[in-house]
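Each chain gets a letter, A, B and so on, in the order its sequence line appears, and its residues count up from 1. All values below were derived from every heavy atom in this structure, side-chain atoms included, with hydrogens, water molecules and symmetry-related copies excluded.
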Amino acid sequence: MSTSPTIPNAAASPQPSPTPNGSGVIARDQRRVSRLLLLILSRYGTLIGLALMVILFTVRAPEAFFNITNFVNILSQSSLTAIIAAGLTMTLVVGEFDLSIGYAASFAGLLVVGFIALNGLPVAAAVLLMLMIGAAVGTANGVLVTKVRINAVIATLGVGTILTGLGFAYSAFPIAAGIPQSFDNISLGRPLLGIPNPIIIMVLVLAILWFILNKTDLGQKMQAVGGNIEAARLSGIRVDRVKIFAFGAAGVCAALTGILLSALLGSGTLAAADGYLLDAFAAVFLGSATLRDGEFHIVGTLVGVLIISVGFNGLSIFGAPSWAQDVFNGAILIVAVGLSTLSRRYAKAG
Amino acid sequence: MSTSPTIPNAAASPQPSPTPNGSGVIARDQRRVSRLLLLILSRYGTLIGLALMVILFTVRAPEAFFNITNFVNILSQSSLTAIIAAGLTMTLVVGEFDLSIGYAASFAGLLVVGFIALNGLPVAAAVLLMLMIGAAVGTANGVLVTKVRINAVIATLGVGTILTGLGFAYSAFPIAAGIPQSFDNISLGRPLLGIPNPIIIMVLVLAILWFILNKTDLGQKMQAVGGNIEAARLSGIRVDRVKIFAFGAAGVCAALTGILLSALLGSGTLAAADGYLLDAFAAVFLGSATLRDGEFHIVGTLVGVLIISVGFNGLSIFGAPSWAQDVFNGAILIVAVGLSTLSRRYAKAG
Amino acid sequence: SSPAASSPGQSSDGTKTLGIVALVATDALNAAVIKGMKEVAADEGWKTIVTDTNGSVDKANAAMTTFSTTQKVDAIAVMAFLSTSLQSGLSSARSAGIPVVSWGGELTDGIVATTSAEAVGVQSVQDLLKDFGHKGSVLALTYHTGVLCYYRGIAFDAAVKKEPDLQVTRNEVAIPGQVEDGTKFTSGWLAKHPAGSGPLAIWGSWDEPAMGAIAALKQSGRTDVKVYAINGGPQALQAVKDGTLEQVVWQDGVTEGKDMMKAAVGSVKAGSSWKAKTYNVPGITVTKANIDQFLADHPDALNS
Amino acid sequence: MSERSGAWLQVRGLSKHFGGANALSAVDVDIHRGEVHGLVGANGAGKSTFIKCLACITTPDEGTVSLDGEPLALGNPHTPEDAGFAFIHQELNLVPHFDAIQNILLGVPKPRKAGFTQWRQARAMAIAAAERIGVDFPLNRRVDELTVAQRWLVMIGKALVRNASLVVMDEPTASLSAVESDALFRIIRDLSRSGVAILYVSHRLDEVLDLSDRITVFRDGRVTKRADRGELDKAGLIQAIVGRAVPSSARSVRAEIDRTTPLFEARNVRRLPMVKDVSFTLFPGEVLGLGGLVGAGRTETARLAFHADKLESGSFLLEGTELKARGVADAVKAGIALIPEERRSEGLILEKSVQFNMSLAALEHLRALAGLPFLSAAKQKTRTLEMIRALSIKTTGPSQAVGRLSGGNQQKALIARWLIPGIKVVFFDEPSRGVDIGARQEIHQAIRDLAERGIGTIVISSDVEELAMLCDRVVVLREGEVSGEAVGDEITEQAIIQLSYAPVHEAEGGTR
Ligand SMILES: Nc1ncnc2c1ncn2[C@@H]1O[C@H](COP(=O)(O)OP(=O)(O)OP(=O)(O)O)[C@@H](O)[C@H]1O
Ligand SMILES: Nc1ncnc2c1ncn2[C@@H]1O[C@H](COP(=O)(O)OP(=O)(O)OP(=O)(O)O)[C@@H](O)[C@H]1O
Ligand SMILES: [Mg+2]
Ligand SMILES: [Mg+2]
């Protein structure tokens, strides 16, 4: 996969050449306006895609779609994907990859419930312990990738598969009995202005990760490592540590998602969170086409998650036939990103 | 990936420094031998992993594992994964990615049966048509990636999702009635020395792709595009076309796998081949640690497929509990690749 | 709150709506159940809306919440999820006073009717024992993550526990990859159980791994192994016809769908007087002996 | 100013702008068959852009190129191939895991028989091309195992294998030393005698004056001067390039260096195969040159000092105590900096901004509150603007992507990264590679400023003139060992070249 953004190579392909000798001020002004539009489209293409979806759904199902309750629903459904995708974003920023996140989340969701229901740990202790295990899993990924130098695809797929096995060994059966309400409330509570807890946690996690990436040394180093690892190393950055940190963060986010999922479901189930992997990937890559050109960043990831969630929500409101849901979901990925990239090219050429 | 040639940086990490001033001939000879061993391990680490597995299984289950019938079984089960993984290898060689292959294979498996059973096409025509559709799907991926410049993860995930929807629209139910024996024979026939057809097809496909990659100008161009796209472009190579070809090849291989699967099953079922995606990825990346350092190549992919198949086969012979199988599969990925990379480092340092 | 009193989703023309949360709409049995529900819905003048969760329990909860809070449907049908995994969806439905019917789940607070997932499992393993006997080796291809297969597995385990002369090997298949896994596990197991090593059977907790098992048998040219399955999709029925599948318990998805829909309509009508119930729709064990009769009785079964 | 008509290759009215910047404005250039045409200009004058237009890598906004009166389809990637153009671009661009032959053959039409590529014949073509430049390394070695200079020879081989009618060379000698350069000049003269036109771009003006039949000078995207051989001398050329007279760059007379306490020492440093036994001493405030032929092991030595590679034996001493660093990060902490030779692959993060790239080594000094790992955007920006001013970096601002700067300005941005407090020793590996004379003087000034502040600087350069001009002392390496040293007035171009070829040990003498 191409992890580091390559030099934008608009130049390589045939481009519409602008009229030679713009004849007069009006033509030039028109050009300027259309160029501005293209620029906007290129930066905000995915956002515009999101907006178009919202408009479409609003027009087609005004009462059901366009209301606060539904928006809160969408946000709270987005929150788990957003958290795990934000963790994935960290690994992509440093030019790596994490395929273990879905399995790690499933594993965490099962174990945390087991800690509470089977081992009798207090909720807070179980959650903390599980987050630490998540960090350890992420660190293990990081060490395999940096110190043992195993390709990230293999290392994280291997770790993920092992986690699946361990989860299965821990309990092949869903754990549903003996879970206190206080655990469920992690996901069901609405402590602030009636906003569901997962939304609050998502905002916190995203804010922290955004801050780390953009406002701290470490974040700059992460971006440098992802941009050109050799240059980063020769700038005195401890490349391996930076990468391990990113994997660790992804592990914690995955564990958190698993915990929130179990609290939401009210039980710990094998493989329950496996499906987050693909959604997270789609979201992060969708997001990388937002605002910045092909870079991975937290705000973009959130936009990506929202596009996916709004699509799912709107389509379930319509009750579109299943095949149409798939076609729509596939098309929205391509169209939203295609809008950005195409207009970026024409904006450059213009 | 970084597009300009970087110097292999094994040097960056702490390495055991050899004894300064090897004291005498014996010490030097010993060092030389151990270095040779490490070199062998680094090139053949995955192969040695495979061999160790074979030995282990043979010792533990001599009659059941080590016999021709079982080996033929392993090979014929490997063949479908090997074909789809070889196609994936092509896209990775040019530095891209294809997440649509599993879905494309499922789609092809369903449609080809539909063409025959529902639309009454002759078997040969249906198969040919389906391979062409596979090429078209791959080409679409390639165009989205190169011309529209959508990131390959998004483009191929989008196309794959759309294919799932289209398959569902085509037939929501498995198609099982009205399939002639001649279709099933594509997978069940043993025309040559009792070797099952899929093995023969696999050998052919792999040989063709190997030849293209290693013995033709196009293959050189593909490797150049994957190695340093900028250098390739500056050498006058039409980078986009080369990439589109690779995606097209992946599409054809995916379609072929789907067709073979349906012939094996005797029916066309939605989503039947989706699972090949992860297996193919694991195999290709395992293979990239074989013989050459981190490059994708056909022989390596075959080794990767065999490791996965042999592991699965041996463990099911043992009747190992399911969780142990997962743990083993995860561990074998990490150990096989880790062996190669670690020894490569020490060999360089030594 | 009584469901009937607040029946909120009543659209202006009085049409009621059923929201269906499908496990995987691409699965044949899911599709049959949806078909049954739609048929009764049409008779009763209800609309249906289907959401495909693609197997994600998270999306199932989300869809139930959307149905309950913003779409305000009149009843929800949820397919093949453990009721213990539907906490947030059920609690949304409960607070909106919307009755939920479940296909294959359990009766918990908020669920007004369910179909038993265990029944066909019991039937399958009993008929297996009847046909295969009580001695030999069995490979069970299980899947614990899906609720239907989970209960079928429980039924299977309970039955074989009483059979000391059956050597059972259990292998867990993955989705996606169920067919492939079926093939691979089978061929490994076959290697360990060569022809002549006693009576052999494979039990698939649903069609697809069993189809994978049959593929492995064909590949290795073995005909001494009997394969049993549940669901009875077109490909399984075809296999029974061809003689490669010993027997399949055809699960009557359409009838189950109809029963669920009737329950949904009934509970909306009855309001608080509705008594939660479990439907036991018996499957039909289809073998080479009765396949022709079966297909005559159920002409759609091969292509729907 | 307009061109004479009737030339073989005519470029007319070529313009290209990037955003607001005019890289080329209505440029006319004529090239005749068999001439060596020098193209010079300051960094960012538009030379590479001009070449990229000819190569159809960049599509010009306006303008035409015609060959024998036939207009070429610009923007079509097959045009250069069909027209018989070959290019040596400014940046190294090779496929790392290919061997030299594969790289040379890349994109070259190969002989075929019955549809199959005749690899043996094709390889023979490549080997012939390589032999012409006098390649003395195994051609079947992966290029990522070659030295930088060897890679450049491969790049030249790529252009020669094509039997072109025009060979365009964008600073081909920037990374070559005298020997390789001489070989290249011989080839250029041969080619031109056989009727091949050469477009030769270089900042080494002596070379250009020596080689070129005609010279075109660019300034800010316009042609400011056209001259035939002998019309211009070096001073005149410099004036045409920068637009004003520049005092000749004599060696600056500097105060005596206090050579009592060493600042930095290398003691019997060894890492095979490139570095066998290197020792030298650096004193505070000294500019120490590391001279030698390409492949002498200078880059390797610098990387060892920077702990980018692991030592096999020997040691480095900083201020009298042994430097025990486990990696680059520790070396940087101790106060060592290295500005690498390959700025694009080892130095810059091309798609990130100038500010990002400049701040990378200084993050700890750019925090909002010392001790807390939070960065201050304002401090970053202030520092970046200061550096842009101090080093006269031509950029649209701190947020411009560094990859968009011209080669010389990229180099300056990289230097700016290391102008941080606490640095004691700075290695400059080919600091003025691809840098115009104006910028080169500015870079030299920056190096002297560092020295003035007591910082020790070590300059690796294959350009002996540069070493003679800049350094207080020069240590010359040959095949991984020190072959000699020159101090003060002993430092002449002659002396350095002599030492470069000198045998290291009398006993082994006379190998070359
Ligand atoms: N892709 C690009 N996008 C934006 N600006 C560019 C691009 N390429 C070149 N430029 C700008 O165009 C101008 C001319 O650059 P060019 O590389 O042609 O200079 P040059 O004469 O080759 O300089 P040098 O001697 O440093 O190589 C510079 O100001 C440069 O920043
Ligand atoms: N065998 C090798 N494997 C990998 N990299 C090498 C090898 N030999 C040299 N290099 C790299 O090539 C570059 C040039 O090395 P070297 O020390 O020979 O050059 P030098 O004396 O500095 O001369 P110049 O800088 O003029 O090329 C260095 O970056 C070095 O790391
Ligand atoms: Mg240039
Ligand atoms: Mg060097």
Side-chain angles (χ1 to χ4, degrees), chain B residues 61 63-65 67 69-70 72-74 76-77 80-81 102 106 117-118 164 167-168 171-179 184 187-188 190 196 198 261 263-279 308-309 312-323 325-326, chain C residues 24-28 30-32 34-35 52 54 139 142 144 167-194 207-208 211-212 214-216 218-222 233-239 241-242 244 295 300 302-304:
Chain B
E63 320 84 40
F65 179 77
N67 62 64
T69 327
N70 194 37
V72 170
N73 274 341
I74 291 176
S76 75
Q77 275 147 34
L80 274 64
T81 317
S106 295
L118 308 183
T164 305
F168 192 53
S171 166
F173 298 96
I175 306 168
I179 303 170
D184 294 352
S187 281
L188 300 179
R190 296 178 173 232
L261 181 64
L264 194 63
L265 298 178
S267 63
T269 310
L270 276 165
D274 289 2
Y276 283 109
L277 177 65
L278 267 191
D279 276 2
I308 294 173
S309 301
F312 208 100
N313 178 275
L315 290 173
S316 8
I317 287 181
F318 284 166
S322 294
W323 68 265
Q325 296 188 2
D326 280 333
Chain C
V24 212
T26 51
D27 167 69
N30 272 253
I34 294 171
K35 186 175 165 201
D52 187 356
N54 267 317
L139 171 67
T142 60
H144 281 75
Q167 274 87 50
V168 181
T169 307
R170 291 179 182 78
N171 277 131
E172 178 88 354
V173 300
I175 296 181
Q178 63 273 32
V179 178
E180 217 187 327
D181 281 0
T183 309
K184 290 177 177 174
F185 283 128
T186 302
S187 96
W189 183 81
L190 287 178
K192 193 166 183 200
H193 297 87
D207 285 348
E208 291 186 355
M211 299 314 292
I214 292 170
K218 285 188 201 160
Q219 265 183 338
S220 50
R222 294 278 292 264
Q235 77 277 50
L237 294 174
Q238 184 68 40
K241 228 173 144 182
D242 298 343
T244 50
L295 289 177
D300 283 352
L302 253 189
N303 44 26
S304 72

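With a 4.5 Å cut-off on non-hydrogen atoms, C:Gln219 touches chain B through its backbone and its side chain both. Neither the backbone nor the side chain of B:Ala117 has a heavy atom closer than 4.5 Å to any heavy atom of chain C. Interface remark: B:Ser106 contributes no atoms to any contact with chain C (heavy atom separation under 4.5 Å). Of the two parts of C:Thr169, only the side chain, counted from C-beta on, holds a non-hydrogen atom closer than 4.5 Å to a non-hydrogen atom of chain B. Both the backbone and the side chain of B:Ala177 come within less than 4.5 Å of a heavy atom in chain C. Both the backbone and the side chain of B:Asn313 come within contact range of chain C, judged by heavy atoms closer than 4.5 Å.
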Start with the C-alpha distance between B:Asp279 and C:Lys184, add both sets of side-chain angles, then the distance that settles side-chain contact (heavy atoms from CB on, under 4.5 Å), and finish with yes or no. CA-CA 13 Å; B:Asp279 276 2; C:Lys184 290 177 177 174; 3.0 Å; yes
Kindly determine whether B:Gln325 and C:Asn171 satisfy side-chain contact (heavy atoms from CB on, under 4.5 Å), including the steps that lead there. CA-CA 9 Å; B:Gln325 296 188 2; C:Asn171 277 131; 3.2 Å; yes
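From C:Phe185, atom CZ reaches atom OG of B:Ser316 across 6.0 Å, with rounding to the nearest 0.5 Å. C:Leu190 contributes atom CG, which lies 7.5 Å from atom CG of B:Asn73 (distance to the nearest 0.5 angstrom).
Across C:Ser187, C:Pro194, C:Gly221, C:Ala174, the residue that shares the most heavy-atom pairs under 4.5 angstrom with chain B is C:Ser187. With respect to chain B, the highest number of heavy-atom pairs below 4.5 Å among C:Ser220, C:Gly233, C:Ala236 belongs to C:Ser220. Of the listed residues (C:Glu172, C:Glu208, C:Lys241, C:Gln178), the greatest number of heavy-atom pairs within a distance under 4.5 Å of chain B belongs to C:Glu172. In terms of heavy-atom pairs under 4.5 Å with chain C, the best-connected choice from B:Leu264, B:Asn67, B:Leu315 is B:Leu264. Interface remark: of the candidates C:Thr186, C:Ile214, C:Val179, C:Asp242, C:Val179 forms the most heavy-atom pairs closer than 4.5 Å to chain B. When each of B:Phe168, B:Trp323, B:Phe318 is scored by its heavy-atom pairs under 4.5 Å with chain C, the top score falls to B:Phe168.
Residues C:Met211 and B:Thr269 fail the side-chain proximity criterion, which asks for heavy atoms closer than 4.5 Å. Taking 4.5 Å as the limit, every side-chain heavy atom of B:Leu261 sits out of range of all side-chain heavy atoms of C:Glu180. Between C:Gln235 and B:Phe173, the closest side-chain pair of non-hydrogen atoms is not below 4.5 Å.
A donor-acceptor pair shorter than 3.5 Å cannot be found between the side chains of C:Gln238 and B:Ser267.
The two atoms that bring B:Ile317 and C:Ala191 nearest to each other are CD1-CB, 3.5 Å, heavy atoms only.
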